[in-house]
Amino acid sequence: MIDRVDMRALPVEIRIQSFEEVNLGYRLEDAMLEASRCLHCKHQPCVSACPVGIDIPGFIKKVSENRLDEAYQVIFGASSLPAVCGRVCPQETQCEAVCVKGIKDKPVAIGHLERFVADHYYANEHNKTELFISNKKKVAIVGSGPAGLSCAHDLLDKGYHVDLYEALHEAGGVLTYGIPAFRLPKSIVKREVQSLLDRGCHIHFDVIIGKTLTIDDLHDMGYKAIFVATGAGLPKFMGIPGEMLSGVYSANEFLTRVNLMHAYEKNAMTPIKRGKRVAVIGGGNVALDAARCALRLGASIVYIIYRRSRSELPARLEEVIHAEEEGIIFKFLTQIKEIYGNDDGQVKSIRCVEMTLGENDASGRPRPIENPHKQKVIPIDEVIMAIGTTPNPLLIQSTQDLKATKHGCLIVNEQTMETSVPMIFAGGDVVTGSATVILAMEAGKKAAFTIDQRLSSNQ
Ligand SMILES: Cc1cc2nc3c(=O)[nH]c(=O)nc-3n(C[C@H](O)[C@H](O)[C@H](O)COP(=O)(O)OP(=O)(O)OC[C@H]3O[C@@H](n4cnc5c(N)ncnc54)[C@H](O)[C@@H]3O)c2cc1C
């Protein structure tokens, strides 16, 4: 029996000093050995568990035979962002969760293999300019995160003229401004975006649809279909006393300053406060990313304040393990109630209450219940709120007849991804609320499929 091949990682003492990528990837011998663990079972549950349906056993077989370019083509046929997904997908709850090998042993490291194949492909010279044939039908995509990029990928395959409109000055959405470089180097995102540009996609930066241009303007510009993939970038706050004090950030703002504006670099134009004692509120990937950034910015103590227990943490398991190794302190079963400030209006401490877990709630997780008799005050000088986000209402408010839920998520037909307005489609976090990269990509693919069906039947 061959043990699952672990991925090498930067030593903790080095990684906490920099934004260098923590995981170091497989070597060829690691990848071939790990690929040889796949049982190639008949029912292939991993394929059904992958939202974009990658032929996982197919690409793994090619890795085991050292036919790496062919392995890449198998993945790329279904996924436009293999190097990204190999790094950030929650494989342990998707493909690897149902891996038959995992019943008696550890599952095959599908994500590590996907990452290896994509990195190997990009590291070797390939003819980047592919033949681009346009059918001259124009489609506009609003937002260049995973949903928009994946929709663009599939429409380009079918010969559409694809224009992406992006509010920021860089493409990638959360991949660029949210997930830190030590988890997802920005060169990887750029490389995957570049492969779309090489195939004829156009990206218009610094254009806010709903402000710079409206959806009606896009119609007037001749776009036959529009895919809205604007994500869920509006941070939630808790409404507790002290949230307006100086030293309280939303994770969104904190991470954007660090990742997009490189606030950690000397002489960066966009500044950031470097707290010494930092509390991050929440337990998802966003909270862990913020906590690990704060550590790298020089904090001497960083807490994750989470109201449930370790087993309910929504973050990817690998990130939890890395955060623990790096010295992030998890305060489980703890709820923040109030933030105290000093006379200058700066955060000085937080008051928390202890929780216990009750029956499962509507989310299927145990309901946290406060124990008002167990309270504590913790000295803190920076608080980062990472308790979720909702879609920014700008585009919805500026477009007539677009229907949204009370949480501001666009309502679509789940089969076609069409909104309440004909030929306007939507997908990704703007529909689901904050979710995952691969679900956003799946939505982009579904929309591309319908757009093609509609436009090719309207010759
Ligand atoms: C810090 C962080 C860490 C995460 N970690 C993981 C992880 O490890 N694994 C995972 O699977 N998921 C993770 N997620 C979730 C994942 O990144 C999102 O679910 C995914 O990016 C959603 O993709 P999207 O394309 O719908 O939206 P986004 O990625 O948000 O992209 C939307 C894009 O639209 C642009 N935009 C918005 N409004 C307009 C407008 N009016 N006009 C033009 N452009 C506009 C935005 O600037 C942005 O570029 C993380 C999220 C965050 C915030």
Side-chain angles (χ1 to χ4, degrees), residues 51 80-81 84-94 111 140-152 163-180 183-184 189 193 203-215 218 226-235 250-256 258-260 280 282 284-293 314-320 322 384 386 388-399 409-410 426-444 447:
S80 51
L81 303 171
V84 169
C85 290
R87 285 171 167 81
V88 305
C89 259
Q91 290 96 5
E92 73 268 19
T93 58
Q94 295 180 347
I141 297 179
V142 187
S144 67
L149 295 176
S150 140
C151 186
D163 283 334
L164 267 160
Y165 289 88
E166 170 53 53
L168 297 174
H169 59 276
E170 285 198 32
V174 167
L175 308 178
T176 298
Y177 73 76
I179 304 181
R183 220 152 63 75
L184 179 62
V189 184
V193 170
I203 307 187
H204 304 268
F205 292 105
D206 302 314
V207 182
I208 303 175
I209 303 298
K211 210 170 178 109
T212 329
L213 291 172
T214 63
I215 292 279
L218 294 179
I226 298 167
F227 178 55
V228 177
T230 44
L234 195 69
S250 69
N252 202 286
E253 178 186 350
F254 180 78
L255 289 169
T256 305
V258 175
N259 298 316
L260 185 71
V280 182
N285 289 317
V286 183
L288 267 66
D289 283 344
R292 296 172 71 198
C293 281
R316 290 178 78 229
L317 182 61
E318 183 178 59
E319 313 314 331
V320 176
H322 281 163
I384 303 171
T389 51
T390 54
N392 189 315
L394 185 72
L395 185 141
I396 299 169
Q397 284 168 357
S398 65
T399 312
C409 294
L410 276 176
D429 283 5
V430 70
V431 169
T432 54
S434 30
T436 62
V437 170
I438 196 77
L439 289 175
M441 288 173 64
E442 179 192 23

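Counting begins at 1 with the first residue of the sequence. Numbering of ligands and ligand atoms starts at 1, following listing order.
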Taking distance alone, with no angle check, do A167 and ligand 1 share an N/O pair under 3.5 Å? yes
Side chain or backbone of T230 under 4.0 Å from ligand 1, or both, or neither, by non-hydrogen atoms? both
Side chain, backbone, both or neither: which part of K211 comes within less than 4.0 Å of ligand 1 when only heavy atoms are counted? neither
Is R183 in contact with ligand 1, taking contact as a heavy-atom separation below 4.0 Å? yes
Heavy atom of A435, distance to ligand 1 below 4.0 Å: yes
Any atom of ligand 1 sitting under 4.0 Å from a heavy atom of G233? no
May I ask you to check whether A147 has an N/O atom sitting below 3.5 Å from an N/O atom of ligand 1? yes
Under 3.5 Å, is there a donor-acceptor pair between the side chain of T176 and the main chain of A171? yes
Say whether I209, considering both its backbone and side-chain N or O atoms, lies within less than 3.5 Å of an N or O atom on ligand 1. yes
Stepwise side chain to side chain contact (heavy atoms under 4.5 Å, CB included) test for V280 and F254: CA-CA 11 Å; V280 182; F254 180 78; over 6 Å; no
One residue to check: A440. Relative to ligand 1, which of side chain, backbone, both or neither has a non-hydrogen atom less than 4.0 Å away? side chain
Shortest non-hydrogen contact between R316 and R87, atoms and distance: NH1-O, 3.1 Å
Measuring from the heavy atoms of L394, does anything fall under 4.0 Å of ligand 1? no
Ligand 1 versus A229: contacting region, heavy-atom distance under 4.0 Å: backbone
Interfacing atoms of ligand 1 (cut-off 4.0 Å, heavy-atom, D429): 18 (C), 19 (O), 20 (C), 22 (C), 26 (O)
Flag E166 as yes when one of its N or O atoms lies below 3.5 Å from any N or O atom of ligand 1, and as no otherwise. yes
Contacts of type side-chain hydrogen bond (donor to acceptor under 3.5 Å, both in side chains), residue S144, not counting sequence neighbours: E166
Could you tell me whether E319 approaches ligand 1 through its side chain, its backbone, both or neither, with non-hydrogen atoms closer than 4.0 Å? neither
Ligand 1 versus V207, non-hydrogen atoms closer than 4.0 Å: side chain, backbone, both, neither? backbone
Is the contact between D289 and ligand 1 made by the side chain, the backbone, both, or neither, using heavy atoms and a 4.0 Å cut-off? side chain
